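Presented below is the structure to which this report refers.
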Amino acid sequence: SAVISQKPSRDICQRGTSLTIQCQVDSQVTMMFWYRQQPGQSLTLIATANQGSEATYESGFVIDKFPISRPNLTFSTLTVSNMSPEDSSIYLCSVGLLGGGYGETQYFGPGTRLLVL
Amino acid sequence: TQLLEQSPQFLSIQEGENLTVYCNSSSVFSSLQWYRQEPGEGPVLLVTVVTGGEVKKLKRLTFQFGDARKDSSLHITAAQPGDTGLYLCAVASYNTDKLIFGTGTRLQVFP
């Protein structure tokens with residue numbers, strides 16, 4: 001298994017500002033993912049954070065709005081840029097340990113609760 | 001249109017009752033996972049089912065994968081307040097590690 005921590009755990013931000021969320025894993029992992037969970041909803045994949053190359057974004061998410069860094073195999077950041085109230089969500093990072101297992105277990109961080117006023 | 005539709009969306013029951021949650025799709029999957037998310041936490045894997053018709057039991061939880069591998073169910077016997085949470089089915093996007101989550105079922109068990 002993997003132990004994943006996220007910072008901050010929660011934040012309240014003003015519209016137009018940006019917030020960077022950090023995800024730290026206790027072991028080296030190949031696959032890291034960022035999800036958004038809007039209030040009362042399920043999880044939607046934002047992007048796959050690739051080490052050493054640009055993140056791979058899902059439909060509806062763009063790099064200018066959600067820039068992602070992955071400097072090494074244990075750490076990633078997600079920035080929510082130019083925030084609006086619609087960005088109020090829980091943001092979760094997850095990791096896959098085996099790096100290619102179809103249907104492999106993913107381990108999730110506790111999430112970052114963001115409220116944009 | 002959601003790839004994975006879960007029903008019911010919400011469920012509020014008394015301790016000791018039984019319940020079933022469904023996860024349905026028109027697509028065929030090689031495997032399907034069930035996760036539970038408690039308030040303030042990330043989702044945690046409960047089970048992975050891989051064979052059509054497969055039944056797996058985890059204490060009071062029984063998971064079944066449909067014969068055609070298009071749907072799955074989760075049955076909880078004698079629900080307890082500790083079962084409260086968001087139940088999510090998920091499948092891996094074809095030939096990738098990306099997970100696609102169902103719409104979710106929010107369960108509240110009252111003592």
Side-chain angles (χ1 to χ4, degrees), chain A residues 1-10 21 23-25 29-51 55-61 89-114, chain B residues 1-11 21 23 25 27-51 54 56 58 63 65 69 72 85-108:
Chain A
S1 65
V3 177
I4 304 164
S5 60
Q6 288 186 230
K7 289 183 181 179
S9 59
R10 60 179 66 236
I21 302 168
C23 178
Q24 180 75 53
V25 190
V29 296
T30 303
M31 309 300 295
M32 292 185 78
F33 305 93
W34 285 98
Y35 290 84
R36 181 175 72 184
Q37 186 174 27
Q38 294 178 302
Q41 303 296 316
S42 183
L43 280 71
T44 300
L45 182 63
I46 297 172
T48 302
N50 302 308
Q51 196 269 329
T56 305
Y57 289 84
E58 298 300 306
S59 175
F61 298 96
S89 291
I90 301 172
Y91 292 86
L92 300 114
C93 71
S94 75
V95 304
L97 296 185
L98 301 180
Y102 187 61
E104 172 194 355
T105 301
Q106 284 191 17
Y107 298 90
F108 286 82
T112 295
R113 280 149 187 77
L114 171 62
Chain B
T1 302
Q2 287 280 351
L3 179 65
L4 294 172
E5 291 282 351
Q6 289 185 236
S7 61
Q9 188 177 359
F10 299 100
L11 198 52
V21 176
C23 175
S25 177
S27 301
V28 177
F29 305 108
S30 63
S31 66
L32 184 145
Q33 298 179 332
W34 284 94
Y35 286 79
R36 179 170 66 207
Q37 183 181 22
E38 298 184 17
E41 303 292 332
V44 175
L45 179 71
L46 296 173
V47 77
T48 301
V49 287
V50 296
T51 305
E54 180 178 9
K56 281 191 173 180
L58 184 66
F63 304 86
F65 202 13
R69 291 184 286 122
S72 181
L86 177 66
Y87 288 81
L88 298 158
C89 61
V91 295
S93 180
Y94 179 73
N95 209 29
T96 76
D97 299 302
K98 300 186 295 185
L99 282 181
I100 299 171
F101 282 89
T103 49
T105 294
R106 195 166 296 277
L107 172 65
Q108 177 78 53

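These figures come from a predicted structure and were not determined experimentally. Side-chain atoms are counted along with the backbone in the values below, which use heavy atoms only and exclude waters and symmetry mates. Residue numbers start from 1 in every chain, and the chains themselves are labelled A, B, ... in the order their sequence lines are given, proteins ahead of strands.
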Most contacts with chain B, counted as non-hydrogen pairs under 4.5 angstrom, among A/Tyr35, A/Phe33, A/Phe108: A/Phe108
Contact class of B/Gln37 relative to chain A, heavy atoms under 4.5 angstrom: side chain
Which atoms of A/Arg10 approach chain B - backbone, side chain, both or neither, heavy atom under 4.5 Å: neither
Approximate separation, where rounding is to 0.5 Å, of A/Gln37 CD and B/Phe101 CZ: 9.0 Å
Donor-acceptor pair, side chain of B/Tyr35 and main chain of A/Gln106, under 3.5 angstrom: yes
Side chain to side chain contact (heavy atoms under 4.5 Å, CB included) between B/Lys98 and A/Glu58, worked out: CA-CA 10 Å; B/Lys98 300 186 295 185; A/Glu58 298 300 306; 2.9 Å; yes
Best-contacting candidate, B/Gly42, B/Gly104, B/Pro43, B/Gly40, against chain A by heavy atom pairs under 4.5 angstrom: B/Pro43
Selection from A/Thr44, A/Ile4, A/Leu43 maximising heavy-atom pairs under 4.5 Å formed with chain B: A/Leu43
Neighbour count above 12 (heavy atom, 6.0 Å) for B/Gln108 CD: yes
From OG (A/Ser42) to CG (B/Leu4), nearest 0.5 Å: 9.0 Å
